[in-house]
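Report on the following structure.
Residue numbers start from 1 in every chain, and the chains themselves are labelled A, B, ... in the order their sequence lines are given, proteins ahead of strands.
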There are 2 protein chains.
Amino acid sequence: MKDVAQRAGVSPMTVSRVVNGEAGVMPETAARVHRAIRVLGYQRDDVARQLRRKGQISQTVGILVDNVADPFMAALASAAEDVARQQGSVVLIGSSRDDLHREREVVSAFTSRRVDGLILIPVSGSHRFLRNAMATGTRVVCADRPAAGLRTDAVVVDNHGAAHGAIAHLIAHGHRRIAYLGDRLDISTIEERYAGYLAALAGAGIPADQAIVRHGLRLGADAAEAVTGMLAHPDPPTAVLASNGIVGLGVRAALPPGTALVGFDDFHLAAQLDPPVTVIAQDPVAMGSTAAHLLFARIHGDGSPPRTVVLPTRLIARGSGEIPGPYGRQPLV
Amino acid sequence: MKDVAQRAGVSPMTVSRVVNGEAGVMPETAARVHRAIRVLGYQRDDVARQLRRKGQISQTVGILVDNVADPFMAALASAAEDVARQQGSVVLIGSSRDDLHREREVVSAFTSRRVDGLILIPVSGSHRFLRNAMATGTRVVCADRPAAGLRTDAVVVDNHGAAHGAIAHLIAHGHRRIAYLGDRLDISTIEERYAGYLAALAGAGIPADQAIVRHGLRLGADAAEAVTGMLAHPDPPTAVLASNGIVGLGVRAALPPGTALVGFDDFHLAAQLDPPVTVIAQDPVAMGSTAAHLLFARIHGDGSPPRTVVLPTRLIARGSGEIPGPYGRQPLV
DNA sequence: CTGAAAGCGCTAACAG
DNA sequence: CTGTTAGCGCTTTCAG
């Protein structure tokens with residue numbers, strides 16, 4: 001910058017003004033500065049800039065997902081990145097891999113770089129450690145699920161209601177023996193979905209049977225094995241609810257035709273399988289962009305109490321969830 | 001930091017040493033400092049640190065993909081992020097959306113934040129503008145395709161050979177009338193694939209016919225429409241090569257059974273469709289981690305001439321590419 | 001409209 | 001083993 005100033009015959013302060021497009025520099029002076037910048041290939045150093053401009057925003061936000069490679073998270077992150085770009089900010093990204101310790105490390109690496117805010121898909125466990133960062137001005141918005149032990153904005157869906165609706169849908173199509181196959185119950189979204197499953201059964205007067213309930217499924221293969229085991233039961237399920245995408249795919253691969261299936265999370269080609277798969281779809285793009293908009297509102301000074309935005313889900317009936325059960329069509333509960 | 005020093009009864013320099021885990025501080029002094037850090041909730045300011053430590057690495061790298069939401073790119077970025085984390089670096093991510101202007105903006109936002117290096121999926125067009133950044137120490141590694149006008153490390157696949165192999169495969173299964181459906185020809189990987197297609201036909205003495213060649217397909221629907229048009233031709237193709245994943249999916253949706261299909265890029269559920277889809281698979285995880293390893297080698301001082309790493313592709317025969325053609329089984333060309 | 005002085009929080013280099 | 005001094009590149013503040 002000093003070099004540019006010298007070459008343009010002005011002070012560094014004038015260069016600064018030109019670089020940042022501030023008003024009140026004579027057009028001719030500005031032109032001289034621009035020329036010097038071009039010749040010398042000067043680029044503003046945002047690290048030094050940030051240091052001096054204390055309290056101002058750094059135009060950097062962090063996104064912490066559990067796994068960037070997961071299509072849902074990738075879509076969410078991409079939507080958030082779009083908003084950030086519109087706002088002139090860049091995005092630091094990290095994967096927690098469902099590990100609180102790792103999440104904490106990444107958050108710390110982000111905050112020490114003075115991010116203005118964080119979009120967080122929180123893993124399970126207490127997030128008290130974020131209090132410090134929030135107290136010192138880092139804004140936090142949670143997506144997909146709220147962070148335990150922390151009051152923040154959050155963008156979620158009604159998991160309980162969505163699961164309840166899916167079970168009601170299966171009951172209406174004549175099923176009463178409905179299995180639940182699920183991921184780890186300590187993930188709050190999964191817990192809510194399971195609770196919705198139980199509530200819907202209870203509401204219809206159908207007893208829950210642990211023989212056709214499985215938790216902790218992480219891999220498609222595990223889910224396939226679990227459902228195969230259930231089908232060997234003397235009183236096998238005629239329909240299955242899968243708690244999320246991975247489990248749904250695993251179940252589908254092992255499911256004989258004639259058994260109904262509704263799964264959480266839509267996926268590419270769901271409509272092209274045989275039978276086409278009925279799913280409860282979320283909108284990751286809406287989730288990411290909503291979270292980002294909330295975050296930037298906070299960064300720009302919104303000091304209202306934390307909000308929770310509940311995004312809608314859609315039951316997309318494609319066939320697998322409409323396979324008739326043994327009790328015939330029922331009125332919707 | 002001054003506050004911590006005061007509270008621990010030491011100088012800021014000692015705090016710095018403790019914070020950075022440098023040797024040569026009395027354990028007892030260090031303990032006092034640690035206590036003060038905990039009480040005050042102090043966290044190192046990496047912005048100030050970076051400013052002072054000029055010439056040292058910032059432990060920040062940038063990844064620029066065309067679209068984070070694309071599963072191939074998401075897998076690549078995720079693998080690169082893993083490597084970065086092992087190296088103690090954080091990752092800035094951005095999407096170019098195939099727009100050179102936007103790519104340039106994002107690169108500039110990254111370099112002004114002093115990234116140590118960049119993993120780049122370059123869009124088409126000249127990348128001379130990166131010369132400056134490279135001259136001032138920013139390392140650049142390209143993935144998927146090289147950057148025009150720039151000598152950098154690159155991690156690619158043999159697109160020409162892979163397309164050639166796919167066509168040879170179709171010819172060996174009795175096809176001679178083979179259509180090509182492709183994305184924009186100005187994308188270098190796509191151009192290479194098309195060249196491989198032409199070369200394989202020429203090698204087998206089959207004339208290329210522009211009536212069954214289409215370029216510039218960006219959407220699945222466009223690809224579907226294009227292939228439908230070709231099938232209405234008086235001499236319709238008996239087999240199709242799709243230049244990439246999107247095109248392949250579009251083609252598949254519109255293709256009558258009996259027409260063979262080989263597509264670039266593997267996808268989830270390819271094996272579960274009917275017929276299962278034969279693809280030329282790349283390994284995005286290997287590409288991302290190889291690119292990251294090359295990048296960090298450069299960051300750590302590797303000054304050898306730029307290298308291009310060619311990763312293997314695999315033709316995964318699942319059925320759609322083995323549908324027999326009218327000429328019966330042929331020896332492989 | 002432009003410039004001079006000071007300092008953001010940290011660490012390199014050098015003393016003790 | 002610990003401290004002092006200086007300065008990274010920029011911008012805030014105040015003066016012309």
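- Checking the phosphate oxygens (OP1, OP2) of D/dT2, a side-chain nitrogen or oxygen of B/T29 falls inside 4.0 Å.
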Quick one, give me the B/S/- string for nucleotides 8-16 of chain C, reading 5' to 3', where B means a protein heavy atom under 4.0 Å from the base and S means that only happens at the primed atoms, P, OP1 or OP2. BBBBBB---
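- Here the shortest heavy-atom pairing between A/S58 and A/R114 reads OG-O, 2.6 Å.
- Atom-to-atom distance recorded for A/E81:CD and A/Q86:CD is 10.5 Å, nearest 0.5 angstrom.
- A/R139 and A/D116 are not joined by a salt bridge, as no carboxylate oxygen comes within less than 4.0 angstrom of a charged side-chain nitrogen.
- A/T290 places no side-chain N or O within donor-acceptor distance of the main-chain N or O of A/M287, the cut-off being under 3.5 Å.
- Residue A/T14 has a polar side-chain atom (N or O) positioned under 4.0 Å from OP1 or OP2 of C/dG3.
- A/S11 has no side-chain polar atom (N or O) that falls below the 4.0 Å cut-off from OP1 or OP2 of C/dA4.
- A/N159 and A/R145 are not linked by any side-chain donor-acceptor pair at a separation below 3.5 angstrom, with hydrogens and angles left out of the test.
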